[in-house]
A.B. asks: 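Below is a structure I'd like to ask you about.
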Amino acid sequence: MGFTLAILGGFGAVIILMAAYGYRISAKTAEDYMLGGRTIGVVVMFFFVLFAISSAWTFYGFPGLLYTKGPGYVMFIWGSVAGFAGLYMFLGPRLWALAKINRFLSPVEVLGERYQSKALRLILSASILAFIVPYIGIQPLGVGAGFEALTGLPAIYGAIYTAVILIILVLLGGMRIVAWVNIFLGVVYMSALLGSLVWVVSVLFPNGGLVQAARIIAETRPAMLSDPGPGGTYTPIVLGGTFVVGILAFSWPHVAIGCMTARDKSLFKWFPLLIFVFGGLFFYILPFLWGSLVAPAAMPLAELEALAASNGVPLQVEADRVVQTVIKRTLPEWFGVFVLLGVIAAAVSTAAVQLMTSSVIVSRDVIQGIFKPGASDRQITSWARWSVVIIVVLSLGVSALNTGAMALYLTDVSVPGFAQWAPALVDGLLWKRGTKQGAIAGTIAGVVYLVLSLLIVVDGNRILVVGHPVIPSLLLNTIVYIVVSKLSPKPSEEIESQFFHEVDAYLKAESSGR
Amino acid sequence: MIEMTRHTAGRIYLIALLLSIVGFIAFLVIGGTGVPASGVPILLFGWMTMPLVLGVVFVAFWLVSYIVYFFFFWPYK
């Protein structure tokens with residue numbers, strides 16, 4: 001126990017020291033704090049984004065759902081790989097150029113100016129914050145679950161430890177240091193994920209490795225090796241819907257803001273290569289193997305059910321920590337601690353970027369954009385910093401009330417919520433005819449429908465959900481956006497020039513200058 | 001993305017990616033990742049389940065398409 005706590009203390013100290021160093025060298029401007037001075041290169045960006053999207057969910061929630069429902073949930077990953085790459089291939093260059101030319105600091109600010117609407121800016125800010133804040137809280141709570149599984153101490157201690165690290169890191173460091181710390185955290189995370197997988201497989205399945213694990217599952221739970229999985233959850237319709245939900249990853253606000261921190265345009269040429277090769281063909285396969293093959297072969301379902309019963313928690317909650325449980329039973333204690341560090345790294349790397357994004361929106365879009373337009377650079381940086389503390393406390397409170405499974409919270413609530421600004425974002429950047437009336441009407445329609453569809457339950461069924469919560473709400477949002485835009489006066493020529501012609505000219509000039 | 005729609009290579013690239021998404025979903029709908037008629041799940045190399053195989057093929061297709069377009073045809077390269 002003492003060894004575990006000492007290691008955790010040292011790990012936290014390293015992160016805090018890095019944040020303090022970042023504070024010392026930072027330029028103390030809003031641009032530097034919020035967007036890392038727009039100096040992030042391709043390698044740092046890759047770690048920054050990959051580990052911003054790879055949270056405690058990747059270590060716990062994702063394998064946990066694979067363990068109970070079968071391999072079909074991996075369709076979310078394949079869709080996400082396409083979505084993230086699509087963001088950087090299709091929208092990224094324009095978003096980056098627009099922000100750089102006009103000194104925009106937030107993606108919501110880009111849209112507020114594109115549509116010339118403070119009301120839309122407020123609506124988008126409120127909508128994004130409403131769905132991102134609970135997700136931030138899931139990260140410390142996810143760590144708490146692993147902490148409890150490893151040490152036996154109450155989960156709240158692990159959650160508080162993670163929350164304190166998060167607050168100090170974001171408060172002091174800002175976006176640049178969050179990006180740099182993500183490299184350190186990413187290396188720890190990846191080593192833990194890959195190292196634990198290789199070691200557990202070599203210990204438990206010495207005669208064939210993954211092939212032996214697959215043979216064991218074929219004998220004990222053969223439905224785990226194909227769709228629709230045990231229980232028949234992943235029907236073709238659900239599989240297709242899960243894949244589409246994954247594609248919507250391009251609209252995650254904490255990923256979209258990454259485009260605005262890029263040093264130059266060449267990043268958008270190289271970044272997808274890393275996403276495909278390292279993310280799609282390597283990194284995300286690791287938790288898939290953990291949840292779909294290794295954990296089910298290492299720990300029979302009946303055993304996990306008994307464990308869940310003895311711990312007094314639902315099966316899915318116990319499944320969320322099955323990886324940690326298998327590691328604890330199989331490997332030396334010191335490695336279990338290292339894996340917990342990996343999970344903390346995953347949680348902090350994601351929540352820190354989400355926190356940064358939230359604080360930028362609160363400070364730049366809500367406070368300065370709506371209430372204090374004349375605020376100075378120093379003031380908005382200060383507001384951004386202090387909003388971090390409020391957001392963390394709020395997110396922990398909201399998440400503590402939500403006792404559902406981690407994986408489903410991401411795909412059923414957060415992703416549909418993030419997606420509601422997608423029509424305004426995509427059409428605002430790519431469609432000259434999109435109007436503020438269309439963006440406001442579409443966003444409100446989509447968010448209201450989504451909230452109602454999640455809240456209205458009749459006989460145990462969400463009657464307004466068709467296939468998946470995101471499908472009807474996003475469809476309604478998009479249709480309303482297009483129809484209302486067509487019916488309202490088209491944007492002025494100044495807006496068209498600023499948001500389309502100038503951007504095209506800038507990107508072309510950047511190209512010819514090379 | 002606007003720049004891609006303005007030349008032939010870009011249009012082909014976008015259509016190829018769109019078709020790969022349609023094909024992916026179609027493969028799911030016809031039950032390509034389910035249990036075959038034999039009743040024994042397909043395991044490539046003895047451990048790769050079909051949901052994994054399908055995803056790897058999909059990502060590999062996007063990777064090759066992206067390399068060809070972005071390194072040879074992208075107007076802003």
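A note on names: the letters A, B, ... follow the listed sequences, proteins ahead of strands, and every chain is numbered from 1.
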A.B. asks: Between Met4(B), Glu3(B), Met48(B), which has the largest tally of heavy atom pairs under 4.5 Å with chain A?
C.D. replies: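 Top option by heavy-atom pairs under 4.5 Å: Met4(B).
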A.B. asks: Sort Leu293(A) into side chain, backbone, both or neither according to what part of it lies under 4.5 angstrom from a heavy atom of chain B.
C.D. replies: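 For Leu293(A), the contact with chain B is made by the side chain alone.
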A.B. asks: Quick one: CG on Leu65(A) to OG on Ser292(A), what's the gap to the nearest 0.5 Å?
C.D. replies: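 Rounded to the nearest 0.5 Å, the CG-OG separation comes to 12.0 Å.
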A.B. asks: Would you check if the side chain of Arg114(A) reaches a backbone N or O of Gly434(A) as a donor-acceptor pair within less than 3.5 Å?
C.D. replies: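 Side chain of Arg114(A) to backbone of Gly434(A): a pair is present.
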A.B. asks: Sort Met75(A) into side chain, backbone, both or neither according to what part of it lies under 4.5 angstrom from a heavy atom of chain B.
C.D. replies: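 When you check distances to chain B, only side chain atoms of Met75(A) fall under 4.5 Å.
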A.B. asks: Look at Phe268(A), Phe288(A), Trp78(A) and state which one has the largest set of heavy-atom pairs under 4.5 Å with chain B.
C.D. replies: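 Among the listed options, the one with the most contacts to chain B is Trp78(A).
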A.B. asks: Measure from NZ or CZ of Arg215(A) to the centre of the six-membered ring of Phe205(A) and say whether it is under 6.0 Å with the direction within 45° of the ring axis.
C.D. replies: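 Here Arg215(A) fails the 6.0 Å and 45° test against Phe205(A).
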A.B. asks: Among Gly72(A), Pro228(A), Pro71(A), Gly280(A), which residue has the highest count of heavy-atom pairs closer than 4.5 Å to chain B?
C.D. replies: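 Highest number of pairs under 4.5 Å: Pro71(A).
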A.B. asks: Evaluate whether atom CZ of Phe70(B) has more than 12 neighbouring non-hydrogen atoms of other residues, nucleotides or ligands under 6.0 angstrom away.
C.D. replies: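 Count over threshold, so yes.
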A.B. asks: Could you tell me whether Phe243(A) and Phe58(B) have their ring centroids closer than 6.0 angstrom?
C.D. replies: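 Close enough - the centres of the two rings lie under 6.0 Å apart.
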A.B. asks: Heavy-atom cut-off 4.5 Å, strictly under: side chain, backbone, both or neither for Leu289(A) against chain B?
C.D. replies: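 Contact with chain B involves the side chain of Leu289(A) alone.
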A.B. asks: If I measure from the heavy atoms of chain B, does Ala82(A) come under 4.5 Å with its side chain, its backbone, both, or neither?
C.D. replies: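 Both backbone and side chain.
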A.B. asks: For Phe278(A), which of Tyr284(A), Trp270(A), Phe46(A), Phe84(A) qualifies under ring-ring contact (aromatic ring centres under 6.0 Å, His included)?
C.D. replies: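 Testing Phe278(A) for a ring-ring contact (aromatic ring centres under 6.0 Å, His included) against Tyr284(A), Trp270(A), Phe46(A), Phe84(A) leaves exactly one candidate, Phe46(A).
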A.B. asks: Are any side-chain N or O atoms of Trp96(A) and backbone N or O atoms of Ala262(A), one a donor and one an acceptor, separated by less than 3.5 Å?
C.D. replies: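 Present.
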A.B. asks: Given that the side chain runs from C-beta out, which part of Pro222(A) has a heavy atom under 4.5 Å from chain B: side chain, backbone, both or neither?
C.D. replies: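 Contact with chain B is through the backbone of Pro222(A) alone.
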A.B. asks: Identify which of Val35(B), Leu14(B), Val40(B) forms the greatest number of heavy-atom pairs closer than 4.5 Å to chain A.
C.D. replies: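 Looking at each of Val35(B), Leu14(B), Val40(B) in turn, Val35(B) comes out on top.
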A.B. asks: Which one wins on heavy-atom pair count under 4.5 Å against chain A: Leu52(B), Ile42(B), Ile25(B)?
C.D. replies: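 Highest number of heavy-atom pairs under 4.5 Å: Leu52(B).
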A.B. asks: Check each atom of Ile30(B) against the heavy atoms of chain A and say whether the ones under 4.5 Å are side chain, backbone, both or neither.
C.D. replies: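 Neither part; nothing is under 4.5 Å.
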A.B. asks: Given that the side chain runs from C-beta out, which part of Leu63(B) has a heavy atom under 4.5 Å from chain A: side chain, backbone, both or neither?
C.D. replies: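 The answer is both parts of Leu63(B).
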A.B. asks: Go through the atoms of Ile285(A) and report whether side chain, backbone, both or neither lie under 4.5 Å from a heavy atom of chain B.
C.D. replies: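 Answer is side chain: those atoms of Ile285(A) sit under 4.5 Å from chain B.
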A.B. asks: Sort Leu91(A) into side chain, backbone, both or neither according to what part of it lies under 4.5 angstrom from a heavy atom of chain B.
C.D. replies: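 It is neither, since no heavy atom gets under 4.5 Å.
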A.B. asks: Rounded at 0.5 Å granularity, tell me how far CD1 in Ile275(A) sits from CG in Leu50(A).
C.D. replies: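 Spacing of CD1 (Ile275(A)) from CG (Leu50(A)) equals 6.0 Å.
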A.B. asks: For the side chain to side chain contact (heavy atoms under 4.5 Å, CB included) test, which of Leu239(A), Ile237(A), Thr235(A), Val238(A) pairs with Leu28(B)?
C.D. replies: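 It is Leu239(A), the one option of Leu239(A), Ile237(A), Thr235(A), Val238(A) that forms the side chain to side chain contact (heavy atoms under 4.5 Å, CB included) with Leu28(B).
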A.B. asks: Measure centre to centre between the rings of Tyr13(B) and Phe73(B), then say whether the value is under 6.0 Å.
C.D. replies: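 No, ring centres 6.0 Å or more apart.
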A.B. asks: Is chain A contacted by the side chain of Phe24(B), its backbone, both, or neither, given a heavy-atom distance below 4.5 Å?
C.D. replies: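 Looking at Phe24(B), just its side chain touches chain A.
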A.B. asks: For each of Val277(A), Val244(A), Leu210(A), tally heavy-atom pairs with chain B at distances under 4.5 Å, and name the one with the top tally.
C.D. replies: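 So the answer, after comparing Val277(A), Val244(A), Leu210(A), is Leu210(A).
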